[in-house]
Structures are given as structure tokens and as C-alpha cells.
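Working notes, structure below.
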Amino acid sequence: MASSNTTPGVDNTFRKKFDTEEYRERAREREKKEAERSKSQSKGPPVQRAPLKHRDYHVDLESRLGKTQVVTPVAPLSQQAGYFCRVCDCVVKDSANYLDHINGKKHQRALGMSMRVERSSLEQVQERFEVLKKRKTPGTFTEQDLDERIRKQQEEEEEHKRQRREKKKEKKKGKVMEEPEMDPEVAEMMGFGGFGSSKKS
């Protein structure tokens with residue numbers, strides 16, 4: 001018997017034969033449909049957002065500090081525990097995360113701002129320096145002020161050290177005074193007579 005698997009007159013190629021032209025046509029049709037769908041879904045021109053600006057309000061982080069609050073599961077978001085953002089309608093649990101949120105991308109987009117900062121011109125920078133110079137009062141700090149502050153701090157440290165020494169002395173005096181003298185007969189009755197020495201009296 002021959003070891004080859006070929007039998008005359010039988011198709012023994014086990015591969016399926018595909019019509020490549022048919023599949024190319026299907027691919028072209030699918031690409032056309034996707035192009036039409038993307039054209040219909042495409043939005044208008046991109047939205048131009050305003051650059052970042054300074055906050056014109058004070059962020060209140062301390063008003064509810066140290067206060068207790070009853071938290072119920074049915075309370076509206078604005079009355080739940082934590083910091084409530086009215087713009088994004090969400091609650092943030094602590095002040096650090098609240099600051100991260102109001103400085104973050106999602107919140108700034110909801111306000112209509114991009115995360116880009118407007119580039120300042122030379123004139124704007126010079127004006128800002130002038131405003132800051134006018135705000136600072138002249139002669140607010142001198143070397144004499146520094147010397148005086150250093151001298152005061154040294155005096156406070158010396159006073160603190162002196163008070164600590166006095167407290168230590170008072171403690172030592174208190175310990176010596178706390179040991180009351182007992183009557184020797186009462187001490188002997190209680191069994192305290194022989195502590196501390198091997199001599200017999």
C-alpha cells in the first residue's frame with residue numbers, strides 16, 4: 001500500500017475557497033456606510049472656550065470646620081456631608097479634594113473655560129508690578145525690626161528656660177516634702193522597722 005494520502009479523482013484539499021471579489025465589494029460598502037454615518041454625526045466647528053481666569057470669589061473652607069452634622073441617606077446632595085459644587089452638582093468629601101475639583105478640568109469646562117492661560121504682554125506684566133509696588137507700604141521692614149524681633153525671641157526663650165528650671169526645682173522640693181516622718185513605734189508595728197539597714201537597734 002502506498003503511504004501517500006492522494007486518491008485519484010477525490011478533492012482532498014480541506015481549505016474553503018473564498019470569492020475575493022465578493023468580500024472586497026462588501027468591504028467597500030461597509031466603508032461607505034461608516035463615512036456617511038460619521039458625516040451625519042459630525043459636530044460643527046470646535047467650541048472656543050475662554051482662557052483661565054482668577055477666581056472672583058472666596059472659597060469657603062472653614063465655615064463648617066469643627067461642626068457636627070447629621071447625615072441621612074435621603075438628604076439632597078447640597079445638604080449631605082462634605083463640600084457641594086453647584087456647577088457640577090456633586091459632593092466632595094474633604095477640602096483638599098474640593099480644591100482639586102474646582103481647579104480641575106471638568107469644573108473649568110462646566111464654567112466655559114479651557115485649561116489654557118492667556119499669554120500676558122510686557123505692558124500687562126509691568127502694570128501688575130506697579131500695582132503690587134503701590135500695594136506694599138514703604139518702610140514696612142528694616143534691619144532694626146529684624147534685630148528687635150531676634151532680641152524678643154531670645155528673651156522669650158530665656159524666660160521659657162527659666163520657667164522650666166523653676167518647675168524642676170519645685171518638683172524636687174515637692175518630692176522631698178512628700179515623704180512624711182512616721183512615728184518609729186507605728187512604723188515598727190506596721191513592719192517597716194527593718195527596711196534599709198541591717199543594724200538592729
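Throughout, residue positions are numbered sequentially from 1 according to the sequence presented.
Contacts of Glu21 classified as salt bridge (charged side-chain N to carboxylate O under 4.0 Å, His left out), with partners at least two apart in sequence or in another chain: Arg24. Evaluation of the salt bridge (charged side-chain N to carboxylate O under 4.0 Å, His left out) rule for Glu25 yields Arg28 as partners, not counting sequence neighbours. Under the rule for a side-chain hydrogen bond (donor to acceptor under 3.5 Å, both in side chains), the partners of Arg55 that lie at least two apart in sequence or sit in another chain are Asn103. For Asp100, there are no side-chain hydrogen bond (donor to acceptor under 3.5 Å, both in side chains) partners two or more places apart in sequence or in a different chain. For Asp19, there are no side-chain hydrogen bond (donor to acceptor under 3.5 Å, both in side chains) partners two or more places apart in sequence or in a different chain. Applying the ring-ring contact (aromatic ring centres under 6.0 Å, His included) criterion to Tyr23, with sequence neighbours excluded, gives Phe18. Shown here are the salt bridge (charged side-chain N to carboxylate O under 4.0 Å, His left out) partners of Arg26, two or more places apart in sequence or in another chain: Glu22. Not counting sequence neighbours, Arg164 has no partner by the side-chain hydrogen bond (donor to acceptor under 3.5 Å, both in side chains) test.
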Would you mind writing out the side-chain donor-acceptor pairs for residues 109-119 within the sub-3.5 Å range, not counting sequence neighbours?
residue, atom, partner, partner atom, Å
Ser114, OG, Arg116, N, 3.4

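Interatomic distance, Ser120 OG to Gln126 CD, rounded to the nearest 0.5 Å: 12.0 Å. Between atom CD of residue Gln108 and atom NZ of residue Lys53 there is a gap of 11.0 Å, rounded to the nearest 0.5 Å.
Residue pairs meeting the salt bridge (charged side-chain N to carboxylate O under 4.0 Å, His left out) criterion with at least one member in residues 150-163, sequence neighbours excluded: Glu148-Lys152, Arg151-Glu155, Glu159-Arg162, Arg162-Glu166.
Remark: Gln163 CD is packed, more than 12 non-hydrogen atoms of other residues, nucleotides or ligands lying under 6.0 Å away.
Side-chain atoms of Gln79 never come within 3.5 Å of backbone atoms of Pro76 as a donor-acceptor pair (strictly under, hydrogens ignored).
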side-chain contact (heavy atoms from CB on, under 4.5 Å), that's the test. Do Val131 and Lys134 meet it? Break it down for me. CA-CA 5 Å; Val131 168; Lys134 289 178 184 175; 5.9 Å; no

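In this structure the side chain of Val125 never reaches within 4.5 angstrom of the side chain of Arg128, judged on heavy atoms.
Other residues sharing the hydrophobic cluster of Phe84, ordered by chain and number and joined by side-chain separations under 4.5 Å: Leu77, Val91. Through direct or relayed side-chain contacts under 4.5 Å between Ile, Leu, Val, Met, Phe, Trp and Tyr, Leu61 connects to Tyr57, Val59, Tyr83, Val92, Tyr98, Leu99, Ile102.
Cys88 and Cys85 get closest at one heavy-atom pair: N-SG, 3.4 Å.
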